[in-house]
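Please read the structure below before turning to the comments.
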Amino acid sequence: MTTPFSPPLYMQRYQFVIDYVKTYRPKKVIDFGCAECCLLKKLKFHRNGIQLLVGVDINSVVLLKRMHTLAPLISDYLQPSDGPLTIELYQGSVTEREPCTRGFDLVTCVELIEHLELVEVASFSEVVFGYMSPGAVIVSTPNSEFNPLLPGLRGFRNYDHKFEWTRAEFQTWAHNVCRDYGYSVHFTGVGEAVGHWREVGFCTQIAVFQRNFHDSMSNAERLEPSVYRLMYKVVYPSLSDNNIYQRTLVNEVLYEAQHLRQEWLSRMDSSNNAHFCAPPLMHLFQHGAEGGTRDWQPVYQQGGTICVPLACVWSSPRVRALCGSVQRLRQELLEDERVRMSADGTVLNLPAAEEEEEEKEVEEEEDVKAVSVVANSVEEDWDRELGCCGNI
Amino acid sequence: MTGRARARSRGRGRGQEPAAPGAQPSISQEAAKPVMPTPPEGQLVGRGRQKPAPGAMSEEAMMQISAGFQQVKIGERGGRRRDFHDSGVHTRQLMEHVKESKTGVSGTAIELRANFMRLLSRPMWALYQYHVDFKPPMESRRLRSALLFQHEETLGKAHTFDGAILFLPNKLHNTETVLCSETRNGEKVEITVTLTNELPPSSPVCLQFYNILFRRILRILNMQQIGRHYYNPDDPFNIPQHRLTIWPGFVTTILQYESSIMLCTDVSHKVLRSETVLDFMYSLRQQCGDQRFPEACTKELVGLIILTKYNNKTYRIDDIAWDHTPNNTFKKGDTEISFKNYFKTQYGLDITDGNQVLLVSHVKRLGPSGRPPPGPAMLVPEFCYLTGLTDKMRADFNIMKDLASHTRLSPEQREGRINRLISNINRNGDVQNELTTWGLSFENRLLSLNGRVLPSERIIQGGRAYEYNPWTADWAKEMRGLPLISCMSLDNWLMFYTRRNADVAQSLLQTLNKVSGPMGIRMQRAIMIEYEDRQESLLRALQQNVARETQMVVVILPTNRKDKYDCVKKYLCVDCPTPSQCVVSRTISKPQALMTVATKIALQMNCKMGGELWSVEIPLRQLMIVGIDCYHDTSAGKRSIGALVASLNQGMSRWFSKCVLQNRGQEIIDALKGSLQAALKAYLKYNNSLPSRIIVYRDGVGDGMLQSVVDYEVPQIMQSIKTMGQDYEPKLTVVVVKKRISSRFFARIDGKIANPPPGTVIDNEVTRPEWYDFFIVSQAVRFGCVAPTHYNVVYDSSGLKPDHMQRLTYKLCHMYYNWQGIVRVPAPCQYAHKLAFLVGQSIHKEPNMNLDDFLYYL
């Protein structure tokens, strides 16, 4: 079935969820009926603070097929994000109670309920709104009033649809859910007809439910799944992982320090005077975090070491973005063995001279181990050898 | 810098011809292939990298086993898929004398281990291929698979299905099974599953299946695919100074080897950079100023491979669209959208710099289902990460040292890494699950096999013969004080130097004089010429002073900047053919090393003028050895360069060399045909007869190009020989030489895991049954793991025994005059490589034919 919408209707539905996430910034999101994981893949890019992204589908084959598209990209490792993100995929049914699905901020059921038998819809409502009771629920489903406008459509829009509701039917169900489980709802949709056909409503009708009471579950500890089957789990690299944070910070600091050292060395080189320290290009710099102005501490040499004051490194915006204060920076660096610091933690020490490529003539008199015999000094003649063979 | 040092610091050939520029903005998300050049471990300083093989299997196709089988069909239908393992090239069966056995006998046996693991399957294992029919026919593939797998209890857990063809590791009860399924809305569907094929474990489809399965295993072990290989992102190593990140990983292939199906796996490293092209542009602009920025930017960036932030795709930068910014629009569907908006809506990515210019990549990969390529891709610098090393980094000794410390593994470390992978495979439950459902497993240890160490050769020099230390495979010490085979006296030669280097020039001259005596070189005092440290004045000095009777020109260069070196070589190889020797002043500035350096320079100068240094015994007469290699030029319109070097005498001490520039669309061998004829004529002139045996060593054959060598090059070579006379029918052998292979061998020496000694030959177990092939470890390495060289005799009418072939090959590895030791490949290949490199890097023109008889390019 081709829909006359641009962008296509399914994209508009995903965009609706993305826009919702952007506005309400839920931390934990679960998508029921995630199938090919398209929505999850989109949400992974449009994170807006999502920390846990869960997909559930009853069909494990599609999950297995597509789950690796949710793996972190190479760039996620090269530039870890600030916030954590875990993605999990489960095989399971929305009509089953699964303890680890409780305490979510948002549940999305995009084009899901029409695939359930009407009796299942009741248990779906009970499980999602009664048992899981998330902060918000987005439910989308076809609006059957729109069907006459779809060219060539007879019956339901999909062979697997068990029902397609009118706006009134959908709203009745929604209002009942609100009454039973303490939610409030508003209705909207995507895909509008033009002209006087507008009155049939959206092609896809959407209900957005908000929970009316405060829930204590959201901070509860995550449980192991007991009913659902975990198919895939991936933890994205992020700066909230201490090892990654430490590594990223140290890399950034060393990059900065090496550059300052290089700059200083080339300045020395051009002035050709090791004792004269040229004033650096930036004379002073404002030190916002510590309030007040401090004298610029230049890079200097002490014997075989180039000393880069921590304050110089701290002036790099990238370092600042990673580390809240210069104290924290010092603390982090003192703990790391890749960084050589002065005892008081104010100066980074780097070697002054690069090691030169030495083409050393190694004059080692190794014991000659007998691995092979030297070819016999008897002259060989392969031509004759071959000739003989040929004659026989 | 001496020539050899230059060869070491060389860049790589970034292959691929560019398509015509003219950017038609279009984002092609589907297109672009993984073409990242993988720096293999220990080769980070690369010597002439082959161009990344185009047309790698799409990552998508590898996502899933069933998807993988579509590739089988695509491969059969359109031949789009490239066979990187050159399977299906059956050359051995055409050579009568090696049908029975292709193993040699010389040398002493040595026990080795190789980086191979046997793939084990239960007895009588086979893959069963079924055809699946649906009645009524079902349109959606997803639905078809859902309906079929309602019968998992009949079909079993392990299956792969692409919508029509089903593969199972077990045979179903009947050849035809009829199953009934029901769709959710009650429609009854009859499914007929018919056995069409029973594939034995070594059938091509099975081999492909194993490889897909193994890739899946690596993914379960959380490895990231980059190009054709898999890397571990969780254990990176950083070089912060240049924002480099190095991922350790593995190169793997499963193939039918001599007696069993095995997994070959080697350690590989991927260099990534956490610096975007935009970062790079900023710092470049800061360095060179707004004026020179566009030029510098094009020079630095074009040809680099970048990785996009929003997917794992890699692109080669072909051009920069100076008139495009992210605010420009492109057509997506029927609507125009700006790059800025596209990335915001599609990936939630914000462009911080709206004025950055866009990058252009000419995507050559066909669109989905064989449609023409979707046109050039426009890329936003901010979302592109640089990959690989720049030439500047390669030249930086400290970076390379840091890199080497992590990527250059000792035999013990390398074996350890591979063993760790084996134990991970065996420990991981998911992996074991995957394997057992298919009835497969891997032997949990490395393959043990026997090799032979060939006897070391006697080096003959000036009527005397000596032996070398077989472990170091080097005779620099032994040859000290011995006269060379033949020496050219230096009566009329020039030395150019800058004022600053006047002193070092003098001391070089004195030392040369001192060292040349014992070698037997008579040396007159050079004419000393001072030049100003500018390229033009150097060229002028050459033009004014180099005369017809000048035998040798020595130029002392103040730095290792390439332009002056190029200028000297261009003038003296093309316009005014004269042997020349460039030396970087730093090399000769250390007095303690001067003797060694001067000795090497004297030897090199002697070779360049036609002198001969040493020889080994070659027990075949009327033999001509030919070496062929090519170089893929980055400038000069990306032309490839082919070089052919052929022996002229019995002692393999005189060589005829020819270099040709390949025209677009021309096979390298077409251009080299004339060179082979010229070589035969030169042989005739020197020996008054044509050779009765010709052995061609062909280097520079990329993965998957073997078939074309066999089908096209060999007949071309024969044709070219035929032109020397109708009744001239020499015996011909063609050997394909491969340096970049992933096979590794470990020996146990004094209870420690070590490299096999030089001269180790392996001709069983890990060779291929359909080829006449063998491995030789000819060189010695001081650090890291030695890389064996693979020799594949694709054509042989010589009747030479495999043992002779192996020993002759090893002997030829002794004959490279720029290294007083054994090298990795036969000398003619190394010479051809050196020549092609010089022309490709510096000269860009065919050298003057007056130089053909000399090793002027050393």
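In what follows, every chain begins at residue 1, and chains take the letters A, B, ... in the order their sequences are listed.
- Under the 30°/60° scheme for interplanar angles, the aromatic rings of Y347(B) and F45(A) are found to stand perpendicular.
- Here the CD1 atom belonging to I74(A) is positioned 10.0 Å from the OH atom belonging to Y231(B), to the nearest 0.5 angstrom.
- Looking at T245(B) and Y77(A), their side chains never come closer than 4.5 Å, going by heavy atoms from C-beta outward.
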* side chain to side chain contact (heavy atoms under 4.5 Å, CB included) between R807(B) and W382(A): does it pass, once the steps are laid out? -> CA-CA 11 Å; R807(B) 283 197 45 211; W382(A) 293 349; 3.8 Å; yes
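- Counting only distance, with no hydrogens or angles, the side chain of D383(A) and the backbone of R621(B) share a donor-acceptor pair below 3.5 Å.
- With a 4.5 Å cut-off on non-hydrogen atoms, K41(A) does not touch chain B at all.
- Using a 4.5 Å cut-off between heavy atoms, L808(B) touches chain A through backbone and side chain atoms alike.
- Residues K344(B) and H46(A) share a closest heavy-atom pair of O-CE1, 3.1 Å.
- In this structure, the portion of T345(B) lying under 4.5 Å from any heavy atom of chain A is its backbone and not its side chain.
- Looking at L800(B), the atoms closer than 4.5 Å to chain A (heavy atoms on both sides) sit in the backbone and in the side chain alike.
- I239(B) CD1 to Q258(A) CD: the interatomic distance, rounded to the nearest 0.5 Å, is 11.0 Å.
- In this structure, the separation between CZ on R243(B) and OH on Y255(A) is 4.0 Å, given to the nearest 0.5 Å.
- Contacts of V253(A) with chain B are absent, with no heavy-atom separation under 4.5 Å from either backbone or side chain.
- Two residues are said to be in side-chain contact when any heavy atoms from C-beta on lie closer than 4.5 Å; L620(B) and D381(A) fail this criterion.
- Interface summary for chain A: among S145(B), P236(B), A465(B), A476(B), the most heavy-atom pairs under 4.5 angstrom belong to P236(B).
- Using a distance-only test at 3.5 Å, with no hydrogens or angles considered, no donor-acceptor pair links the side chain of N312(B) to the main chain of L73(A).
- Counting only distance, with no hydrogens or angles, the side chain of Q224(B) and the backbone of A71(A) share no donor-acceptor pair below 3.5 Å.
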* Passes salt bridge (charged side-chain N to carboxylate O under 4.0 Å, His left out), K309(B) versus D76(A)? Steps please. -> CA-CA 8 Å; K309(B) 193 186 178 117; D76(A) 289 320; over 6 Å; no
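- In this structure, no portion of D430(B) lies under 4.5 Å from any heavy atom of chain A.
- L78(A) and R273(B) make their closest contact through CD1-O, 3.8 Å (heavy atoms, listed as atom of the first residue, atom of the second, distance).
- Neither the backbone nor the side chain of Q622(B) comes within contact range of chain A, judged by heavy atoms closer than 4.5 Å.
- Only the side chain of R338(A) comes within contact range of chain B, judged by heavy atoms closer than 4.5 Å.
- The line from CD of Q241(B) to CG of L350(A) is 9.0 Å long, rounded to the nearest 0.5 Å.
- For R693(B), the part lying near chain A is the side chain, with the backbone staying farther off; criterion is any non-hydrogen pair under 4.5 Å.
- The candidate from S274(B), G348(B), S106(B), P240(B) with the greatest count of non-hydrogen atom pairs under 4.5 Å with chain A is P240(B).
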